[in-house]
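In what follows, a single structure is set out as structure tokens and then discussed.
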Amino acid sequence: MPRPFRFGVNLLTPAPAAEWRDRCRRAEELGYDVILVPDHLGMVAPFPALVAAAGATERPRLGTLVLNAGFWNPALLAREVATTDALTGGRLELGLGTGYVRAEHDAAGLPFGSARERVDHLRLTVGELDRLLAAAGHGRRVPLLLGGNGDRMLRLAAERADVVGFTGARLVPGSTTGKLEPVGAEGVADRVARYRELAAGRAQPAELNLLIQLVAVTDDPETALGPLLERQPRLTLDQALDLPVVLAGPLDDLVARVRALRARFGFTYLTVLEPCMEAFAPVMERLREESA
């Protein structure tokens, strides 16, 4: 039997306390299983935002998608993780990645390093977190999501992750500001296949997550995709509609597309961005009705 679906929303925008609590409650009302936050300068500070989310909600799990390991000293991160897990009642799910925005490292006065150095630092961070949390007597292993596309990153995820996060996008060559371009279905299939090859010896398969970039329930997907096509002029409308990270069309079509993402790639944990939180809700509702 396939895994049941889980759905998350990545909340991006800082807000005063009352507005933040209302936004988290709304995510819970809509049925999201996980409330997530990113780790970018100019967006929410991850750990206080999750503690506030826990105070406003009861059911959703709370996670990071994903922390930039290059921003964090492992010992200080272990303290943050232990405290946040305690203050959220054990609802924390920790997402980690290597970081990909050089400009943010420059602004923070932190080294960016090569791709190999960033993966090495992430591997060190994962190991140190396990050691430090165990030494501190933290009894529960916080579920770990690792996100990335390269072979070395997928190898680490195959070894250590409970959840593997796929972005369905890649960094535009030479970009220092984190500009991304979407990856087509064949490219995503290649990365998932490579992960499965590396994880073939695992006793317990990991959950596979995909970050959806755009959701529009509409009879006019061409209009909905207009801004994306302007940003990505090499894409045709048909190519954009076929992107795994794009869900645009009538409700029945989107429900079928999500089922196809599970059948073809194994994605059972889907995350949408904050601007799509309301639009995705009827898709979640329909899928849950069908599986009830």
Side-chain angles (χ1 to χ4, degrees), residues 1-8 33-34 36 61 63-70 72 74 77-78 81 85 90 92-100 113-135 138-171 183-212 244-245 258-271 291:
M1 291 290 292
R3 283 179 185 265
F5 284 116
R6 283 205 305 163
F7 302 109
D33 301 293
V34 193
L36 298 138
R61 299 189 65 78
T64 54
L65 193 70
V66 290
L67 291 184
N68 176 352
W72 296 91
L77 179 57
V81 169
D85 191 46
L92 181 64
E93 296 188 3
L94 182 66
L96 288 171
T98 61
Y100 63 92
S114 66
R116 175 174 289 275
E117 288 170 332
R118 295 197 302 278
V119 174
D120 286 346
H121 177 70
L122 178 57
R123 181 179 285 278
L124 171 68
T125 299
V126 170
E128 281 294 281
L129 280 175
D130 280 350
R131 183 183 70 80
L132 291 165
L133 290 171
H138 192 72
R140 187 184 80 92
R141 185 179 184 276
V142 175
L144 177 65
L145 179 152
L146 292 177
N149 287 312
D151 278 10
R152 295 184 74 242
M153 188 66 221
L154 292 176
R155 187 180 302 279
L156 176 59
E159 295 169 2
R160 304 300 300 273
D162 302 294
V163 185
V164 185
F166 293 83
T167 62
R170 58 180 164 238
L171 187 67
V183 175
E186 293 304 320
V188 172
D190 173 78
R191 293 293 81 197
V192 172
R194 180 58 175 149
Y195 166 75
R196 292 191 186 284
E197 179 184 345
L198 293 167
R202 284 181 63 126
Q204 183 68 32
E207 188 177 33
L208 301 189
N209 171 269
L210 180 66
L211 178 60
I212 302 294
V245 297
V258 172
R259 289 198 302 260
L261 288 173
R262 180 169 65 180
R264 179 175 181 183
F265 305 105
F267 294 126
T268 58
Y269 176 13
L270 301 183
T271 302
S291 61

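For reference, positions follow the sequence shown, starting with 1. Just the heavy atoms: all of them, side chains too, but no hydrogens, waters or symmetry mates, feed the values below.
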**OP:** Could I get the full list of salt bridge (charged side-chain N to carboxylate O under 4.0 Å, His left out) partners for Arg6, not counting sequence neighbours?
**Re:** Glu93, Glu207

Original post:
Do the side chains of Leu96 and Leu129 get nearer than 4.5 Å, heavy atoms only?
Top reply: yes

Subject >> Qualifying residues under side chain to side chain contact (heavy atoms under 4.5 Å, CB included), relative to Arg141, sequence neighbours excluded >> reply: Asp130, Leu144, Asp162

Original post:
Got a sec, which residues hit ring pair (Phe, Tyr, Trp, His ring centres under 6.0 Å) with Tyr269, two or more places apart in sequence or on another chain?
Top reply: none

Subject >> Listed partners of Asp151 passing salt bridge (charged side-chain N to carboxylate O under 4.0 Å, His left out), at least two apart >> reply: Arg191, Arg194

Subject >> Sequence-distant partners of Arg123, salt bridge (charged side-chain N to carboxylate O under 4.0 Å, His left out), two or more places apart >> reply: Glu159

Subject >> Minimal non-hydrogen separation, Gly97 against Val66, with atom names >> reply: N-CG2, 3.6 Å

Subject >> Inter-residue atom distance Ile212.CD1 - Leu261.CG, 0.5 Å rounding >> reply: 5.5 Å

**OP:** Can you sort out the partners of Glu128 under salt bridge (charged side-chain N to carboxylate O under 4.0 Å, His left out), two or more places apart, ordered by chain and number?
**Re:** Arg131

Original post:
Can you name the residues that form a side chain to side chain donor-acceptor pair (under 3.5 Å) with Arg116, not counting sequence neighbours?
Top reply: none

**OP:** Evaluate the criterion side-chain contact (heavy atoms from CB on, under 4.5 Å) for residue pair Val245 and Leu211; output intermediate values, then yes/no.
**Re:** CA-CA 7 Å; Val245 297; Leu211 178 60; over 6 Å; no

Original post:
Quick check: are there more than 12 heavy atoms from other residues, nucleotides or ligands sitting under 6.0 Å from CZ of Arg155?
Top reply: no

**OP:** Using the side chain to side chain contact (heavy atoms under 4.5 Å, CB included) rule, pick out the option among Leu94, Leu65, Val164, Thr64 that qualifies with Leu145.
**Re:** Leu65

Original post:
With Val188, which residues qualify under side chain to side chain contact (heavy atoms under 4.5 Å, CB included), at least two apart?
Top reply: Val183, Val192, Pro244, Phe265, Phe267

Subject >> ring pair (Phe, Tyr, Trp, His ring centres under 6.0 Å) against Tyr195, all qualifying residues, sequence neighbours excluded >> reply: none

Original post:
If we only count heavy atoms from C-beta on, is the Leu146 to Met153 side-chain gap below 4.5 Å?
Top reply: yes

Original post:
In Å, rounded to the nearest 0.5 Å, how long is the span from CZ of Arg170 to OH of Tyr100?
Top reply: 15.0 Å

Original post:
Between Arg61 and Pro143, which heavy-atom pair has the shortest distance, and what is it?
Top reply: NH2-CG, 4.0 Å

Subject >> For Asp85, all residues meeting side chain to side chain donor-acceptor pair (under 3.5 Å), sequence neighbours excluded >> reply: His138, Arg140

**OP:** Look at the side chain of Arg202 and the backbone N and O of Ala158, then say whether any donor-acceptor pair between them is shorter than 3.5 Å.
**Re:** yes

**OP:** Write down the atom of Thr125, the atom of Ala69, and the distance for their closest heavy-atom approach.
**Re:** OG1-CB, 4.3 Å

Original post:
side chain to side chain donor-acceptor pair (under 3.5 Å) with Glu186: which residues, sequence neighbours excluded?
Top reply: Arg264

Original post:
Distance-only, no hydrogens or angles: does the Asp33 side chain make a donor-acceptor pair with backbone N or O of Phe7 under 3.5 Å?
Top reply: yes

Original post:
Taking the side chain as C-beta and beyond, is there a heavy-atom pair between Leu208 and Thr268 under 4.5 Å?
Top reply: no

Original post:
Who pairs with Thr271 by side chain to side chain donor-acceptor pair (under 3.5 Å), at least two apart in sequence or on another chain?
Top reply: Asn209

Original post:
Of the non-hydrogen atoms in Ala169 and Asn149, which two are nearest, and what is the gap between them?
Top reply: O-ND2, 3.1 Å

Original post:
What heavy-atom pair brings Val142 and Val81 nearest, and what distance separates the two atoms?
Top reply: CG2-CG1, 4.0 Å

